[in-house]
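Some notes on the structure that comes next.
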Amino acid sequence: MGLGLMNKKAKVLSITRKTDSEGFGFETVAILAEGRVFVEGRHGSERWANLGAFSEATDLFKLRNIPGLKITTKHYLELDGIRYNILSVENVKGRGMYIEILAKKVEASNG
């Protein structure tokens with residue numbers, strides 16, 4: 001994967017939900033890493049057909065491995081102000097150079 005294809009900036013976030021002394025909930029967001037990613041939206045390609053188990057995934061992200069950071073499904077991605085819930089993290093070809101992430105766009109519920 002060349003750097004020319006990795007043309008979007010994304011952040012890896014850790015979100016912690018807490019409750020204050022009066023019982024009101026709030027969340028703290030920590031940026032764990034920021035870097036360039038390749039993004040592929042869901043469409044009718046053969047690749048997406050093979051990912052049938054992840055039917056709720058809306059986007060596929062590829063990024064370089066970040067030394068010292070293990071990205072898990074407990075983390076989130078943020079791209080252009082839109083937050084994505086990570087559904088799956090995979091080491092591409094087992095070489096430890098790139099990570100492939102299947103994620104679902106987080107949409108606010110009304111009401």
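Position 1 is the first residue of the sequence; numbering continues from there.
Under the 4.0 Å criterion applied to side-chain N and carboxylate O atoms, Lys11 and Glu34 are not assigned as salt-bridge partners.
The shortest side-chain heavy-atom distance between Tyr98 and Asn65 does not fall under the 4.5 Å cut-off. Contact check for Ile31 versus Val12: no side-chain heavy atoms found under the 4.5 Å cut-off. When side chains are defined from C-beta on, Ile86 does not count as touching Thr72, because their heavy atoms never get closer than 4.5 Å. Within the 4.5 Å cutoff, no side-chain heavy atoms of Val92 are placed close to those of Ile99. With a 4.5 Å cut-off on side-chain heavy atoms, Leu13 and Leu77 do not count as touching. The side-chain heavy atoms of Asn7 and Arg36, taken from C-beta on, include no pair separated by under 4.5 Å.
Judged by distance alone, the side chain of Thr58 and the main-chain N or O of Lys105 form a donor-acceptor pair under 3.5 Å.
The two atoms that bring Leu79 and Lys8 nearest to each other are CD1-CB, 3.7 Å, heavy atoms only.
The salt bridge (charged side-chain N to carboxylate O under 4.0 Å, His left out) pairs that include a residue from residues 77-89 are Glu27-Arg83, where partners are two or more places apart or lie in different chains. Evaluation of the ring pair (Phe, Tyr, Trp, His ring centres under 6.0 Å) test over residues 63-88, restricted to residues two or more places apart or in two chains, returns Phe61-Tyr84.
In this view, Glu22 satisfies the side chain to side chain donor-acceptor pair (under 3.5 Å) rule with no residue, not counting sequence neighbours.
A 6.0 Å sphere centred on CZ of Phe24 holds no more than 12 heavy atoms belonging to other residues, nucleotides or ligands.
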